[in-house]
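I have placed the structure first, in the form of structure tokens, so that the comments after it can refer back to it.
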Amino acid sequence: MTDHILVAVAWPYANGPLHLGHIAGAYLPADIFARYNRIIGNKVLMVSGSDSHGTPITIRADAENTTPEKIFSRYHKDFQESWKGLNISWDLFTTTDTENHHEISQRFFTNFFNNDLLYEATASLPYSIKEKRYLPDRYIVGTCPNCDSENARGDQCEDCGRTLDPQDLINPRSITDGSVPEFRERTHFMFRLSKFENDLKEWLKDKEFWRPNVLNQTNGLLEQGLKDRAITRDLSWGIKVPVDGWEDRRIYVWFEAVIGYLSASIEWAKEIAKEPDKWKDWWNKDSKSYYFIGKDNIPFHTIIWPAMLMGYDEDLPLPHNVPSNEFLNLESGQFSTSRNWAVWVTDYLSRYDADPLRYVLSATMPETSDSEFTWRDFVRRNNNELVGTYGNLVHRTLTFLQNNFDGVVPDVEIQESSNKLIEESNKALITSGEYLSSCDFRASLRTAMDLCQKGNKFLDEREPWKAIKEDKNHAAETMFTMLTVISALKILFYPFLPESSQNLHGYLGETGLVESNGWELNTPVSGNKLPKPKPLFKKLDEEKVILDETQRMNKGN
RNA sequence: GGCAACGUAGCUCAGUGGUUAGAGCGGGCGCUUCAUAAGCGCUAGGUCGUAGGUUCAAAUCCUAUCGUUGCCA
């Protein structure tokens with residue numbers, strides 16, 4: 001049966017380039033999941049885009065004396081390059097700065113406005129007399145009332161981590177000109193989030209298959225009770241509030257960014273599929289939507305976005321699963337764009353291949369707790385696991401076939417002991433597929449690696465390099481079995497290592513794309529002559545890589 | 001301060017009530033040579049953050065506490 005699967009992935013904030021933490025957290029698992037679903041025959045729509053609004057971007061633009069458009073397009077370009085290099089298989093990666101997205105976001109706003117889901121409320125907000133405008137929270141700095149740090153921001157103190165209001169700050173001042181803001185009463189629109197509490201609780205009842213952190217955190221928030229949220233801000237960069245007299249306000253980013261999942265699907269239908277209604281195939285109750293995000297984003301996808309969907313149109317499907325990941329750390333520290341403690345994707349790709357990174361990040365994916373990327377681990381996994389265990393198994397098999405059988409798949413009768421290994425290969429495909437369906441990516445990858453070890457063991461036991469001298473049929477039968485195992489590995493590793501699998505597909509004498517083969521074991525065809533293979537992966541010099549990369553990081557690139 | 005997740009071998013991580021707690025890497029020993037000196041086998045190493053409790057039985061459940069992380073105030 002064909003399912004429609006929406007793979008919705010967090011919208012990266014376009015105020016800095018992508019680093020490995022972003023990839024391990026959301027983009028790689030989403031891509032693995034999308035590739036798996038396509039190869040088993042499901043209809044996948046995978047969308048996201050650059051989040052182009054919000055104050056970090058305007059702050060950066062101010063600091064660099066440029067425009068928000070220039071900032072976000074710079075990083076949008078970096079994102080596009082990263083996706084291409086890493087083989088992230090988007091159907092559409094757009095931005096929130098499209099006419100389409102503005103229009104659909106305003107449609108949500110107007111719909112809520114008309115259905116009494118919005119109301120006006122006043123709050124005391126910082127106003128700059130000098131600039132004659134209200135300032136965003138982040139534009140105010142001052143002394144933290146909690147820890148006395150002198151550079152606390154209006155939304156949060158970086159030193160003690162406490163969340164703040166600009167009014168809490170002692171000696172508040174504007175970051176643009178140092179002037180002291182005046183606090184004035186200002187009216188804004190609020191979204192009646194509290195109204196959806198019971199419906200959300202009801203919806204969550206059958207979600208026991210969600211990851212514990214995601215489910216329990218969501219339930220915890222619902223137990224505490226939901227609060228209505230301000231939906232408009234005093235900004236000039238963003239989506240206009242579609243109400244007369246509100247021309248100088250913008251819709252708050254938290255509200256419009258999540259709408260991107262829907263607006264991007266609509267854009268895809270219009271611009272890419274050229275069938276304007278096609279998006280509906282993924283936005284009805286028979287489809288399933290998966291939201292790949294990092295743990296900092298959980299409430300937006302398990303409470304706010306579902307509430308918005310309920311409020312907007314009850315026929316729209318709520319998230320089926322939100323397999324949020326925890327965080328990836330780098331060499332015992334947190335990834336930090338501002339402190340430049342990161343491995344940037346495009347920079348990585350200028351020195352190394354995509355598949356080793358995809359492998360290492362998959363093997364240490366932070367599915368249940370924060371995990372860690374170290375260069376030593378990267379090189380070791382590349383050399384021992386990819387090159388040594390998987391790559392070498394493939395290479396020793398294929399070169400043996402070239403050297404002793406002229407590269408021709410032998411014609412043999414399969415023996416009992418071989419059947420056992422072939423059965424294992426089939427079992428691996430089933431088990432691994434189940435893991436992928438339930439978003440257990442590490443476990444799926446482990447299943448593939450286990451089969452490699454079984455293959456290596458089989459070769460060692462059969463010793464075809466000895467058999468070839470006395471009993472060529474025996475060696476031939478071993479090789480035929482090994483070719484079968486390798487073709488299973490090609491499929492098992494495909495969602496994780498698409499490039500290597502495609503190469504292996506070719507070395508096994510197949511033409512066309514590996515994903516057209518389906519998630520099943522293909523028996524080699526006797527008599528086929530296979531091309532001369534090349535190693536699937538490159539071995540790296542452990543000490544050299546560590547030295548290089550450590551220097552690079554300490555220099556801050 | 002509230003909510004939530006996590007804390008298990010040198011390292012990275014599995015393991016949610018039941019025999020002597022597991023894997024991969026790293027260490028030690030041995031075998032093998034088809035292969036990118038890759039592969040296979042054996043072995044050492046842990047009072048499962050701490051303290052109580054429930055149970056015939058707990059890494060696994062409960063309570064407290066410490067630590068890390070995220071969200072919220």
Side-chain angles (χ1 to χ4, degrees), chain A residues 21 25 146 155-156 160-165 168 210-227 229 293-304 324-329 331-335 360-374 376-405 435 440 442-443 445-447 449-450 452-469 475 478-479 482 533-542:
Chain A
N146 193 46
D155 58 340
Q156 187 178 37
C160 67
R162 193 183 163 109
T163 322
L164 300 169
D165 261 325
D168 302 335
W210 281 18
R211 291 184 180 170
N213 190 21
V214 181
L215 186 61
N216 293 341
Q217 206 188 119
T218 306
N219 282 329
L221 286 170
L222 287 171
E223 283 313 312
Q224 285 178 58
L226 297 180
K227 284 193 181 153
R229 288 175 69 102
I293 60 168
K295 66 174 165 180
D296 54 335
N297 240 331
I298 291 171
F300 288 96
H301 293 80
T302 60
I303 290 179
I304 292 176
S324 160
N325 271 346
E326 308 293 301
F327 283 170
L328 183 75
N329 290 319
E331 306 277 0
S332 308
Q334 290 192 353
F335 275 86
V360 172
L361 293 183
S362 300
T364 56
M365 196 170 275
E367 288 173 358
T368 51
S369 61
D370 291 353
S371 67
E372 186 166 290
F373 177 91
T374 67
R376 191 173 291 280
D377 187 58
F378 168 76
V379 178
R380 285 188 177 164
R381 283 189 188 272
N382 179 76
N383 289 354
N384 295 319
E385 299 174 27
L386 273 188
V387 175
T389 307
Y390 173 39
N392 195 244
L393 173 69
V394 169
H395 199 243
R396 67 198 292 212
T397 302
L398 294 178
T399 51
F400 192 87
L401 193 79
Q402 290 294 331
N403 295 339
N404 298 283
F405 294 89
Y435 281 136
D440 292 315
R442 280 187 311 205
L445 189 60
R446 193 65 242 158
T447 308
M449 262 305 163
D450 285 346
C452 290
Q453 290 184 328
K454 282 172 186 153
N456 274 319
K457 195 172 167 181
F458 182 80
L459 267 184
D460 272 39
E461 282 165 5
R462 289 299 195 92
E463 299 184 308
W465 47 91
K466 280 184 186 160
I468 194 76
K469 291 168 192 154
T478 302
M479 292 322 290
M482 286 311 302
K534 282 189 199 138
L536 288 180
F537 309 100
K538 292 189 207 96
K539 193 160 174 161
L540 298 169
D541 182 329
E542 183 170 334

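Order of the sequence lines fixes the chain letters, A, B, ..., with proteins taken first and strands second; residue numbering starts at 1 for each chain. Since the model is a prediction, treat every value here as computed from it, not as a measurement.
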query = At under 4.0 Å between heavy atoms, what does L536(A) touch on the DNA or RNA strands: base, sugar-phosphate, or nothing?
reply = base

inquiry  = Taking only the C1' atom of each, what is the distance from rU63(B) to rU54(B) in whole angstrom?
reply    = 10 Å

task = Taking only the side-chain heavy atoms of P212(A) (C-beta and beyond), determine which of rA5(B), rG26(B), rG70(B) contains the nearest atom.
result = rA5(B)

ask   = Looking only at atom types and distance, does a side-chain atom of T364(A) sit under 3.5 Å from a main-chain N or O of S371(A), one as donor and one as acceptor?
value = no

key: Under 4.0 angstrom between N392(A) side-chain N/O and rU36(B) OP1 or OP2   = no

task = Could you measure between the two C1' atoms, the one in rA58(B) and the one in rA21(B), and give it in whole Å?
result = 12 Å

query = In Å, rounded to the nearest 0.5 Å, how long is the span from OG1 of T397(A) to CE of M479(A)?
reply = 5.0 Å

request  = Between rU16(B) and rC11(B), how far apart are the C1' atoms? Round to whole Å, please.
outcome  = 25 Å

ask   = So what does T389(A) touch, heavy atoms closer than 4.0 Å: a base, only the sugar-phosphate, or nothing?
value = sugar-phosphate

request  = Classify the ring geometry between F400(A) and W465(A) as parallel (under 30°), tilted (30 to 60°) or perpendicular (over 60°).
outcome  = perpendicular

message = What's T397(A) touching, base or sugar-phosphate or nothing? Going by heavy atoms closer than 4.0 Å.
response = nothing

request  = Using a strict cut-off of less than 4.0 Å between a Lys/Arg side-chain nitrogen and an Asp/Glu carboxylate oxygen, indicate whether K454(A) and D450(A) qualify as a salt bridge.
outcome  = no

ask   = Expressed in whole Å, how much space separates the P atoms belonging to rG7(B) and rG49(B)?
value = 7 Å

note = Looking only at rC71(B), rA5(B), rA73(B), the nucleotide nearest the K227(A) side chain is rA73(B)

query = Under 3.5 Å, side chain of N325(A) to main-chain N/O of K295(A), donor-acceptor pair present?
reply = no

key: Complement of rA51(B), any strand, by Watson-Crick or G-U distances under 3.5 angstrom   = rU63(B)

note = Taking for K466(A) and for F327(A) the nucleotide of RNA chain B with the nearest heavy atom, the one nearer the 5' end belongs to K466(A)

query = From rA35(B), rC25(B), rA4(B), pick the nucleotide closest to the side chain of N403(A)?
reply = rA35(B)

request  = Compare the minimum distances between each of rG26(B), rA5(B), rU36(B) and the side chain of R380(A), then state the nucleotide with the smallest one.
outcome  = rG26(B)

inquiry  = Using Watson-Crick or G-U wobble geometry with both distances under 3.5 Å, which nucleotide pairs with rA35(B)?
reply    = none

query = Which is true for K539(A) with a 4.0 Å heavy-atom rule: it touches a base, it touches only sugar-phosphate, or it touches nothing?
reply = base

request  = Quote, to the nearest angstrom, the P distance that separates rA23(B) from rC40(B).
outcome  = 15 Å

ask   = Checking all strands, does N216(A) fall into the base, sugar-phosphate, or nothing category for heavy-atom contacts under 4.0 angstrom?
value = sugar-phosphate

inquiry  = Does Y435(A) have more than 12 heavy atoms from other residues, nucleotides or ligands lying within 6.0 Å of its OH?
reply    = no

task = Output yes when at least one side-chain N/O atom of K457(A) is less than 4.0 Å from OP1 or OP2 of rG41(B), else no.
result = yes

Nearest-nucleotide pick for Q334(A), side chain only, options being rC34(B), rG24(B), rG70(B) = rG70(B)

ask   = With respect to the side chain of H395(A), which nucleotide from rA35(B), rU12(B), rG70(B) is positioned closest?
value = rA35(B)

ask   = Does a nitrogen or oxygen in the side chain of N384(A) sit under 4.0 Å from OP1 or OP2 of rG26(B)?
value = yes

Listed nucleotide nearest any side-chain atom of D296(A), set rU36(B), rG39(B), rC71(B) = rC71(B)

request  = Would you kindly compare T368(A) and V214(A) by the position of their nearest RNA chain B nucleotide and give the one closer to the 5′ end?
outcome  = V214(A)

request  = Specify the separation, in whole Å, of atom CG of L215(A) and atom P of rA5(B).
outcome  = 10 Å

key: Closest nucleotide among rA14(B), rA35(B), rG2(B) to the R442(A) side chain   = rA14(B)

task = Answer yes or no: is there an ion pair linking R446(A) with D440(A), defined by an N-O contact shorter than 4.0 Å?
result = no

Rounded C1' spacing from rU47(B) to rA59(B) in Å = 12 Å

key: Per-pair stack call F400(A) and rC34(B), 5.5 Å, 30°   = no

key: Candidates rG70(B), rG24(B), rG41(B) - which lies nearest the side chain of E385(A)   = rG24(B)

inquiry  = Measuring only the P atom in each nucleotide, how far is rG26(B) from rA37(B)? A whole number of Å is fine.
reply    = 16 Å

task = Output the single nucleotide from rA14(B), rG26(B), rA73(B) whose closest atom is nearest the side chain of S369(A).
result = rA14(B)

query = Counting any heavy atom closer than 4.0 Å, what does P299(A) reach on the DNA or RNA strands: base, sugar-phosphate only, or nothing?
reply = sugar-phosphate

task = Determine the interatomic distance between C1' on rG53(B) and the same-named atom on rA9(B); round to the nearest Å.
result = 28 Å

